[in-house]
Amino acid sequence: MEKKTISCDVLIIGGGTAGCYAATTIAKRPDLKVVIAEKANIVRSGCLAAGVNALNAYITPGHVPQDYVDYAKKDAEGIVREDLLLTLAGRFNEVTHDLEKKGLTILKDENGNYVSRGWRNIKINGENIKPLLADSVSKCPSVEVINHLNITDLDFTEDASGKTIVTGAFGFGVRDGKAYHIKARAVLISTGGAAGLYRPNNPGNARHRTWYPPFNTGAGYAMGLMAGAEMTTFEMRFVALRCKDTIAPTGTIAQGVHAKQVNNKGEVYETKYGLTTSERVYGTVEENRKGHGPCYLDTTKITEEAEEDLYRAYLNMAPSQTLRWFESGKGPRDLPVEIEGTEPYVVGGHTASGFWIDTARRTTVEGLYAAGDVAGGAPQKYVTGALAEGEIVAETILRDLEKLPPRGIDAADRTYAPQKEKSQEISSPGAREAEIFGTYEKFLTKADSHLTAENLEDAMQKVMDEYAGGIKSDYRVNGAKLALADRKISDLLELVDLLAAKTPMDLLEIYEVRERLIVCRALIAHLGARRETRWHVFDENEDYPGISDEGLCYIESVMDHDGRIRIFRRDLVKGGVSYEHSN
Amino acid sequence: MSIRIEKGKCRGCGACLEVCPGNLIFRDGEGKAFIPKPYNCWACVSCVKACPFGAISMELEPEIDGRGGALRVEKTAGGYDWKIIGRSGEIRRIFKMKTKEANKY
């Protein structure tokens, strides 16, 4: 493989919403070189490829950022980082206005005020939200975007005390097949959350019709775990309530045209099980279990105007739903819209799962930062939260870079205190590069394998579905099943070594299944550690069906050198406290 | 399934393979676009929007109530025209969507 080495000040892994916004913020210092490494193309990569039709984290008139913190905390039954939420909520509106200046269309009333759809939501035409962000990145000459570059591993060194310091990352070109080593003074992981861990709703040809992108494989979580970074609250999975089959969003129907959740008898059940996000999903799951399904959003009483508007709304965020109405010959006024729970995802934009970070968005590993869906602690972050977090982490990186030697100095020489000894490398310089690139070559030069990455992916999804609380299990877990899941996922991880790649795209599939398996391993450990059911469906524990005060803590994980997941607990960070990592 | 690329209309410009968030589209021996694993398509329609020649359409699989129809997109000065196509290729509806308009719901 041809090798390419690039040096920069800041490497951003993942050119999605948070990553792009962080880049444009850092670019305010045009003397700093930023590289965005994106495995596809930033114009449409990540979860906003098709667009989005509302911003669901906005502080509307009459509300303050603390209202958002209180809401998110209540919805998550207390397991949030209030400092992270408050710092985000304080910027929701500002990043929205900035996006509007960049060209985002926001619905306004006759007085020129944003139209809200609920106390924290405003209506937009977000079909082009990614192209707008990509365009703003292209206007920054100090930001180099390398599309079709899949980053697989972080580069790091250890200082004299054994503390890990991230110094860059390794990856391969999905199109050009080159091996890349990117050296950076700061690395931001903004790779999004993880989908494709569990068997999805749809079979065969429709298998990638999922809500969260099937291309978000948890790469950042895996990379972080392998570098010894701490993760939080993976057990607060996200299961969404979505339109059946197309898995299109339901917010537009539920909040937009006020359609209620009804069962097959037409009985409204949506308040029967509680009002939190997880309780609303639980309602549908339970009604189905009781034999009252299918379940629907009753759209049959909406006006013709509303029906037309729904067709248009979905074209701008999930066009399959509009097509489906026409294919069936029955629109929302003819038939209520059937809804179902998705497969579980690990996504920090909706729940608290992800990297454990301080208020400034530093991870527990020096030189490594996280923002967006990959970062934890702040449920219901959504789009504006990702933008805000991108901005916050960028400002932190700018401050932290002031304390570091300039580019060109080897990481081994990097010291923070003048009197510290020169760092000792754990192995010879270049050893890690040789190891990582050697693994790429190994896969690419191997003769055919009887196993494919797809085989392993199907196997993983079946294991998770059956033993770690997927759709098949009504999302329920218990200790006995989780132990089996753990064993089987470990076995599958060993099988990754048997895979072979003929092309860089094959290699991408190998690494994607590896990433997911690592995330599954951590997820299983988290699910087993929370001995209560604090959030129905998200973490439904058959051994511990009740909620207990013992659960008022964060469940944390770190991967040891042997690949095992070590679980521990942290006390909740009180409101008003800005959490900082202690050394 | 999900997307269908018509070789006859494809000019090999590469816009679709550049934009696909899943890296799913490649060039065949004639330099035209093709999708080797259509079952991995997410139906985000980025490629459908990107194609200057209308060579790509999106369909629903029969598993999710697809009945032979399709969706096409044409870029206009102010946004996109979305065409709902019937099983026989007839245009059933056209939605003229403007980038500067946000829907109400």
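What you see is a predicted model, and the numbers here were worked out from it, not measured in a lab. Within every chain, numbering begins at 1; the chains are lettered A, B, ... in the order of the sequence lines, protein sequences first and strands thereafter.
A donor-acceptor pair is defined here as one N or O able to donate and one able to accept, closer than 3.5 Å; such a pair exists between the side chain of A:Thr105 and the backbone of B:Thr99.
Residues B:Trp82 and A:Arg312 have side chains not in contact (no heavy-atom distance under 4.5 Å, counting atoms from C-beta outward). For the pair B:Arg92/A:Phe326, a side-chain contact is recorded, criterion being any heavy-atom separation below 4.5 Å from C-beta on. Taking the side chain as every heavy atom from C-beta outward, A:Arg44 and B:Cys44 never approach each other to under 4.5 Å. Two residues are said to be in side-chain contact when any heavy atoms from C-beta on lie closer than 4.5 Å; B:Tyr39 and A:Arg209 fail this criterion. Put simply, the side chain of B:Ile84 does not reach to within 4.5 Å of the side chain of A:Glu327, judged on heavy atoms. With contacts defined as side-chain heavy-atom distances shorter than 4.5 Å, the pair B:Met58/A:Leu323 qualifies. Looking at B:Ile64 and A:Lys244, their side chains never come closer than 4.5 Å, going by heavy atoms from C-beta outward. The side-chain heavy atoms of B:Leu17 and A:Arg175, taken from C-beta on, include a pair separated by under 4.5 Å.
Neither the backbone nor the side chain of A:Tyr314 comes within contact range of chain B, judged by heavy atoms closer than 4.5 Å. In this structure, the portion of A:Glu454 lying under 4.5 Å from any heavy atom of chain B is its side chain and not its backbone. With a 4.5 Å cut-off on non-hydrogen atoms, A:Leu315 touches chain B through its backbone and its side chain both. Looking at B:Val45, only its side chain comes within 4.5 Å of chain A, counting heavy atoms on both sides. Using a 4.5 Å cut-off between heavy atoms, A:Val257 touches chain B through backbone and side chain atoms alike. For chain A, the nearby part of B:Lys96 is the backbone; its heavy atoms alone come within less than 4.5 Å. Neither the backbone nor the side chain of B:Arg87 comes within less than 4.5 Å of any heavy atom of chain A.
Note: B:Glu18 leads B:Glu101, B:Lys37, B:Glu18, B:Lys100 in heavy-atom pairs under 4.5 Å with chain A. Taking chain B as the reference chain and counting heavy-atom pairs below 4.5 Å, the highest number among A:Gly51, A:Gly103, A:Ala306 is found for A:Ala306. Across A:Ala318, A:Gly329, A:Gly126, A:Pro213, the residue that shares the most heavy-atom pairs under 4.5 angstrom with chain B is A:Pro213.
The distance from atom SG of A:Cys47 to atom CH2 of B:Trp42, rounded to the nearest 0.5 Å, is 6.5 Å. In this structure, CG in A:Asn125 is found 6.5 Å from CE in B:Met97, a value given to the nearest 0.5 Å.
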